[in-house]
Each structure stands twice: as structure tokens, then as C-alpha cells.
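Below is one structure, written out as C-alpha cells; the observations come after it.
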Number of protein chains: 2
Amino acid sequence: MTVPRQAVLEVLSADDRYRSAEEIFFQLHEQYPAVGLTSVYRTLTLLAQMGLVERFDMGDGKARFRLRTGAEEGSSCRLICTNCMKVEPCDQEAVEDQAASGSMDDVTRSLETEYGFQLRRRVVEYYGLCVDCRRRNEEKRSQEEN
Amino acid sequence: MTVPRQAVLEVLSADDRYRSAEEIFFQLHEQYPAVGLTSVYRTLTLLAQMGLVERFDMGDGKARFRLRTGAEEGSSCRLICTNCMKVEPCDQEAVEDQAASGSMDDVTRSLETEYGFQLRRRVVEYYGLCVDCRRRNEEKRSQEEN
DNA sequence: CCCTTATTGAAAACGATTTTCAATTTCAAT
DNA sequence: ATTGAAATTGAAAATCGTTTTCAATAAGGG
Ligand SMILES: [Mn+2]
Ligand SMILES: [Mn+2]
Ligand SMILES: [Zn+2]
Ligand SMILES: [Zn+2]
């Protein structure tokens, strides 16, 4: 546990907003002026690999980071403002429970009342291994058994 | 309707896979050697603004594009392989109908049987206007009425 | 302390995308 | 067809978030 790593964790722990590497760097800089942007990137990459940090790439070229909470359990949900690029984590259960069906209209209404958010587009992404890569993995595993 | 635009549309129409600008450029290049990569980018940006093309930014730095089908209706769903970076559109209705509940386990099972896909993480994103931007928009609108 | 190894910050490199700009197309009006 | 203004193009340069390089520094077990 080194200074830059502790510093990054400190900033991330402050709240659960998504922040860019640069934003994190600037917040660090006040208390830890010696820590460089390079180390911020390195630490974030490291923490993401360890699964402690969630990395999110919006369409605007800069990645955002957030401390991953145990509550997520392999599933995450967020509100993304296409105007100001703000990203806010949200509780999927709350949204879906509120929405009678999974229909776009019901979800729209739910987000409206729960968060004041005006929904334009819903995106569902499933991350994992495609058929091919899974097959390849299994082959590799059975080879290693020999 | 110019040559580069027609060329890009031709490639995108060929199938509904997600492709990077470079991939589109190389496919173009065989039939339209005079069209430059710059125009491919410009055309994709244009088509995305018009809503005809869906742009998707994965975590790997290069954006992917796909012709948007009318069927999507403000909601899109995709399988993303974290190993080979392949992106495949999928039918959310089919997945959720198959899954008894919206629980992670049920969805995992559904994706397994429907697509042979091994789910690791589900991400739900709601794009739209946050409370602040919405308020700001309404103020602007009411000012313009004067 | 000492030594080995891991980590750091600054500067340079990287790579996808955007910008610039002079040359070429487009297309509506003749 | 001919024109000409306006839009579009391709190549080269610029941009910018991120990564790599590398010499200097910090870590930390003995
Ligand atoms: Mn931010
Ligand atoms: Mn591709
Ligand atoms: Zn906003
Ligand atoms: Zn794969």
C-alpha cells in the first residue's frame, strides 16, 4: 500500500459518483501534490483488474471510475445524462419494481417519478464469454489437465 | 447523397454486426478505393446524429457502429464478449421471456440456452436528461416563448 | 542499514478521432 | 449542357485521453 494508491482510494471512497481519471487527479492534488496523473491511471487500472473499481466508458473519450460496492453482485444500473454527461448509479430493483411491466413506457414513468429522469433510450448489455471463446477456454482447460 | 455516404450505407446494410470505423473503411476500400477514412468517420457521425446509425463505445478505445433497425424502439440489447470483444445484438424480449424472473440467475440460464453465452455481468443503462438538465431545458423553452 | 524488487513521476509515444484546408463534387438554376 | 455557389471530399496535421519508457525513488524483508 503506497501513497498514490491510498490517495486514489481515499478520493473514490468519498462518494459513489463516477469520476474521470483527471477529476480524481485534481481532487488528489490538494492533499497529495506529489502524486502524478500517471500513477492515478496505473492505480485505477490495477483496482479495476482486482475488481474493486468499476470502469465505465461513455462515448465522450474519457473513462469514468467508481468504487464497486458489494451490493452490485454482477449487475449494475446507471442513469446517464446525454446533455451534461453526468452518470449516476441507480437501483435497478427499485426501477423495475416500480414499473408494472418491463415495457419502455412503464420504465419511463418509473424513472420519471423516482429520479425525475427523462428517459430517451434504454440499453441492456450482457458481458461474458461468447460461444466461441467459451469453447476455446474449455479446450485449453482440458489440455492443461494432461 | 454522395459516393462515400452511399458506400458506408452499403457496408452497414450488408449485415447487422457492430463494426469499427476502420473495419468499415477496409470493406469499402475494395469497391470504392477512392473513399478515405476521414469520410467514413464523417459519414458515421452524420448518420449517428440522424439516428440511422447506432454508435457503441466499448472499453477498448474504438467505437463500433451498426445500422439501427426500426424494431429497436428506443431500447437496445447486446451480448459483449470480454475476451474477443465481439458485440452481437440480441433480442431482450426473448431473453427476459425465457427468464422466469429478472433475477441474475434466471437471465444467466436463459442466455446460456438461447445463445450459448456465459454471462458474467449485466449492465443496464438509462440514457436521457437528468433532473437539472431537464429543468434547464424547460426554462429555456419558456423563455423562447416570449 | 542493505539489497532486491516494486513503484513512481516526467516526458515521450501511442492511436483513435477530429480538425484544417485546398481541391473536387454536388445539384439547382440557368 | 453550363454555370457557379455551397457542400463535401481526402490527405496531412492536430488533438487528447491513455499508455509506455526509463531513470530515480520508495518499499520492506532480512
Ligand atoms: Mn465525472
Ligand atoms: Mn468489430
Ligand atoms: Zn444533465
Ligand atoms: Zn468471444
Side-chain angles (χ1 to χ4, degrees), chain A residues 1-12 17-67 80-82 84-87, chain B residues 1-12 17-67 80-82 84-87:
Chain A
M1 182 57 60
T2 64
V3 173
R5 290 172 186 179
Q6 183 175 326
V8 168
L9 278 172
E10 223 165 88
V11 169
L12 289 175
R17 285 206 324 265
Y18 286 83
R19 278 184 285 268
S20 68
E22 207 181 10
E23 283 168 345
I24 292 168
F25 170 70
F26 282 133
Q27 285 186 40
L28 281 184
H29 200 263
E30 288 154 30
Q31 190 166 0
Y32 303 90
V35 173
L37 178 57
T38 310
S39 289
V40 173
Y41 274 111
R42 268 191 295 237
T43 303
L44 289 170
T45 302
L46 185 71
L47 293 174
Q49 278 170 347
M50 302 195 314
L52 289 175
V53 154
E54 179 191 338
R55 177 201 194 106
F56 167 49
D57 284 84
M58 195 171 352
D60 71 343
K62 44 185 89 170
R64 315 291 158 109
F65 302 85
R66 185 179 76 115
L67 214 54
I80 303 162
C81 179
T82 52
C84 70
M85 302 286 119
K86 190 169 58 193
V87 183
Chain B
M1 181 56 58
T2 65
V3 172
R5 290 172 185 179
Q6 183 175 327
V8 168
L9 279 172
E10 225 163 88
V11 169
L12 288 176
R17 285 207 323 267
Y18 287 84
R19 276 182 286 265
S20 68
E22 208 182 10
E23 284 170 344
I24 292 167
F25 170 69
F26 281 133
Q27 286 186 41
L28 280 184
H29 199 262
E30 288 155 30
Q31 191 166 358
Y32 303 89
V35 173
L37 178 57
T38 311
S39 289
V40 172
Y41 274 110
R42 269 190 297 236
T43 302
L44 289 170
T45 302
L46 186 71
L47 293 174
Q49 279 170 347
M50 301 196 315
L52 289 176
V53 155
E54 180 190 338
R55 178 201 192 104
F56 167 50
D57 284 83
M58 194 171 352
D60 72 342
K62 44 185 90 173
R64 314 291 157 112
F65 303 86
R66 184 179 76 115
L67 213 54
I80 302 162
C81 180
T82 51
C84 70
M85 302 287 119
K86 190 169 59 192
V87 183

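Note: hydrogens, waters and symmetry copies are ignored here, and every other heavy atom, side chains too, is used.
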**Report entry** By salt bridge (Lys or Arg N to Asp or Glu O under 4.0 Å) - contacts of Arg5(A) (at least two apart)
**Finding:** none

**Report entry** Non-hydrogen atoms of Cys81(A) and Cys84(A) that approach each other most closely
**Finding:** SG-N, 3.4 Å

Query raised in the report: To the nearest 0.5 Å, what is the distance between CZ (Arg17(A)) and NZ (Lys86(A))?
Result: 9.5 Å

Report summary line: Contact string for nucleotides 14-20 of chain D, one letter per nucleotide 5' to 3', B = base within protein heavy-atom range under 4.0 Å, S = sugar-phosphate only, - = neither, reads ---SSBB

Query raised in the report: Pairs counted as Watson-Crick or G-U wobble with both distances under 3.5 Å: what dot-bracket string results for DNA chain C, using | for bases tied to another strand?
Result: ||||||||||||||||||||||||||||||

Query raised in the report: Rounded to the nearest 0.5 Å, what separation is found between the OH atom of Tyr18(A) and the CG atom of Leu12(A)?
Result: 12.0 Å

**Report entry** Side-chain heavy-atom pair Thr43(A), Val53(A) within 4.5 angstrom cut-off
**Finding:** no

**Report entry** 5' to 3' contact window, DNA chain C with chain B (heavy-atom distance under 4.0 Å)
**Finding:** dA16(C) to dC27(C)

Query raised in the report: For the atom pair CZ (Arg55(A)) and CG (Leu47(A)), what is the distance rounded to the nearest 0.5 Å?
Result: 12.0 Å

Query raised in the report: Rounded to the nearest 0.5 Å, how far does CD of Glu54(A) lie from CZ of Arg66(A)?
Result: 5.0 Å

Side-chain donor-acceptor distances from residues 26-41 of chain A under 3.5 Å, at least two apart:
from: Tyr32(A); atom 1: OH; to: Glu10(A); atom 2: OE1; distance (Å): 3.2
from: Tyr32(A); atom 1: OH; to: Glu10(A); atom 2: OE2; distance (Å): 3.0

Report task. Give, ordered by number, those residues of residues 46-53 of chain A having at least one heavy-atom distance below 4.0 Å to an atom of DNA chain C; if nothing qualifies, reply none. Result -> none

Report summary line: Value for CE (Met85(B)) from CD1 (Ile80(B)), rounded to nearest 0.5 Å, stands at 9.0 Å

Report summary line: Distance col, row Leu44(B):CG vs Leu52(B):CG, nearest 0.5 angstrom, shows 11.5 Å

Query - Arg19(A) side chain reached by Val11(A) side chain, heavy atoms, under 4.5 Å - result: yes

Query - Set of salt bridge (Lys or Arg N to Asp or Glu O under 4.0 Å) partners for Lys62(A), sequence neighbours left out - result: none

Report task. Figure out the CZ/C1' separation between Arg5(B) and dT9(D), and round it to whole Å. Result -> 10 Å

